[in-house]
Number of protein chains: 2
Amino acid sequence: MTDRTNDAGTASPIRVLLADDENLIRDAVASLLDLEDDIAVIGQAASGTEAVAVARRLSPDVAVLDLQMPGLDGIEAAQQILAEVPRCACVIVTSHGRPGYLKKALEAGVRGFLPKTVSAKVLADVLRQVVAGGRYVDPELAAEAISAGASPLTAREADVLELAADGAPVEEIASRASLSPGTVRNYLSAAATKLGAANRHEAVRTARARGWI
Amino acid sequence: MTDRTNDAGTASPIRVLLADDENLIRDAVASLLDLEDDIAVIGQAASGTEAVAVARRLSPDVAVLDLQMPGLDGIEAAQQILAEVPRCACVIVTSHGRPGYLKKALEAGVRGFLPKTVSAKVLADVLRQVVAGGRYVDPELAAEAISAGASPLTAREADVLELAADGAPVEEIASRASLSPGTVRNYLSAAATKLGAANRHEAVRTARARGWI
DNA sequence: CCGCTCCCATGACATTCGTCATCGCCCTTC
DNA sequence: GAAGGGCGATGACGAATGTCATGGGAGCGG
């Protein structure tokens, strides 16, 4: 449309893939990003699996992935995209800024992580930053993640607590984890103690809040 | 239904208030709606309380409210807006299409209810419909709500089940409901039986899913 | 008035859960 | 190689929970 290139930009615009299961949001963000001279939305997807397929086909500069999507979630999609299209930077956007996701996302190689509470201008800036090789994490989310610190739970304790998250009885957790019921109760008890919780449900809540499961 | 030829400039446009705590989404949807000739976003809000205040000040034709917002949620905001600005139609948009919310929203006098998975075009059409006095409910959500049917729980059972939702022990539920612990256990047991659940947690989940608490 | 349902309560019982002590096994670290 | 920690298990005991029977009082439609 224009030959007025941005100061930092090259002649070719940033090629963006947008993935979000909410059409309203996706359409809207797409049209907003397209308003930027140096950004072009070249593909859209309504699910994680679709996002991976489109990324493979179009090889975009950056993929903007919603965290919660049917099928593959944003982080899983990012992993697959990075495996197949390494030069594509991945940015996660999310409504629920839970710190645990941030950690997993960073481990998956995601280059940007920000809540949907940011303005469109910030998103555009972040895209420019990550395609230039940089990283961006929302300061507030980062602070939360840091203040939450490392999990005091062992790997198994976290596993079992996660299985207990939906209120399943001990027996079911035991069979699903291939453990003895007694062992499950021990882990649950240990986890609750470490988390200062009165029962397993409270433990699940605090562990969730801190991003430990 | 009528041949609504949106003859742009001549007729006065639909004046829209947009409320969503996610700036990215709100900005994006606003710019998208503004693309329509006969729609003008005249105000925005990032919370339910703010939405009420802005509605009182601007008296818009229609308020588009996100369901989940800090402070007042979309339905509560709609109630207050309708109380203060009766001529303003309220439309709820939401990510999580749980049937219970639909029922509450309709009871609150909301004129439109749709998930964010719809396209922007649909949203614009819905806005035109509701300002013309009509109603619109997403067909899928409506079907879910109908298939869920009426709650088999008595009022007290639902109360108690709701208090049990966060995994609180019986004693706490009892004191919060001003009931005997034994009574609480009876209600919980009755509710679980009616819902075909093995324990209170499963009961909470199914009741939630059906919109009964 | 009678039957019905909901409300609230009590008591009894079996089951599940939370907690503790203790054990063996496999790692890693010092 | 000894110490420590995570992992998996068992047994035991008190507390919490799920289930049932039973009771009385309030309200409502036939």
Side-chain angles (χ1 to χ4, degrees), chain A residues 100 103-104 107 148-213, chain B residues 100 103-104 107 148-213:
Chain A
K103 188 157 167 282
K104 280 188 201 151
E107 283 165 2
S151 172
L153 304 175
T154 70
R156 282 322 248 171
E157 284 165 359
D159 286 351
V160 172
L161 196 56
E162 188 149 24
L163 287 173
D166 54 359
V170 169
E171 299 241 15
E172 191 183 320
I173 303 172
S175 75
R176 285 217 273 171
S178 302
L179 285 177
S180 147
T183 304
V184 169
R185 284 196 288 164
N186 285 341
Y187 282 149
L188 250 24
S189 181
T193 303
K194 285 180 180 176
L195 266 40
N199 57 45
R200 67 171 74 178
H201 309 289
E202 203 177 313
V204 166
R205 272 218 310 284
T206 65
R208 275 257 170 86
R210 303 250 225 283
W212 292 337
I213 60 170
Chain B
K103 188 158 167 281
K104 279 188 203 152
E107 283 165 3
S151 172
L153 304 176
T154 70
R156 280 324 244 177
E157 284 165 359
D159 287 351
V160 172
L161 196 56
E162 188 150 24
L163 287 172
D166 53 359
V170 170
E171 299 240 14
E172 190 182 321
I173 302 171
S175 76
R176 287 216 271 171
S178 302
L179 286 177
S180 147
T183 304
V184 170
R185 285 194 288 163
N186 285 342
Y187 282 149
L188 251 23
S189 181
T193 302
K194 285 181 180 176
L195 266 40
N199 56 45
R200 67 170 78 176
H201 309 289
E202 204 177 312
V204 166
R205 270 217 312 284
T206 64
R208 276 257 170 85
R210 304 248 225 284
W212 291 336
I213 59 170

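Numbers restart at 1 for each chain; the letters A, B, ... are given by sequence-line order, proteins then strands. What you see below is based on every heavy atom in this structure, not just the backbone, and it leaves out hydrogens, waters and symmetry mates.
With Ile213(A) as the partner, the side chain to side chain contact (heavy atoms under 4.5 Å, CB included) test is satisfied by one option alone out of Val160(A), Val204(A), Asp159(A), Leu163(A): Val204(A).
Judged purely by atom type and a 3.5 angstrom limit, Arg156(A) has no side-chain atom pairing as donor or acceptor with the backbone of Tyr187(A). In this structure, Thr193(B) contributes its side chain and Ser189(B) its backbone to a donor-acceptor pair below 3.5 Å. No donor-acceptor pair under 3.5 Å is formed between the side chain of Arg200(A) and the backbone N or O of Ala164(A).
Here dA14(C) presents its P atom at 21 Å from CG of Asn199(B), a figure rounded to the nearest Å. What separates CD of Glu157(A) from P of dG5(D) is a distance of 13 Å, to the nearest Å. Rounded to an integer number of Å, the gap from NE2 of His201(A) to C1' of dG18(C) is 11 Å.
The side chain of Arg156(B) places an N or O atom within less than 4.0 Å of a non-bridging phosphate oxygen (OP1 or OP2) of dC8(C).
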Name the atoms and distances for all side-chain donor-acceptor pairs under 3.5 Å in residues 169-184 of chain A, with sequence neighbours left out.
unit_1    : atom_1 : unit_2    : atom_2 : d
Ser175(A) : OG     : Glu172(A) : O      : 3.0
Ser180(A) : OG     : Gly182(A) : N      : 3.2

| task | Decide yes or no on side-chain contact (heavy atoms from CB on, under 4.5 Å) for Asn199(B) and Glu202(B), but give the supporting numbers first. | result | CA-CA 6 Å; Asn199(B) 56 45; Glu202(B) 204 177 312; 3.6 Å; yes

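The shortest non-hydrogen separation linking Leu161(A) to Ala207(A) is CD2-CB, 3.7 Å. Residues Ala158(B) and Trp212(B) approach most closely at CB-O, 4.3 Å, considering heavy atoms.
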Show each protein N/O and nucleotides 24-30 of chain C N/O combination with a separation under 3.5 Å, one pair to a line.
none

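The stretch residues 158-189 of chain A comes close to DNA chain C through Pro169(A), Val170(A), Arg185(A), Asn186(A), Ser189(A), each having a heavy atom under 4.0 Å from the strand.
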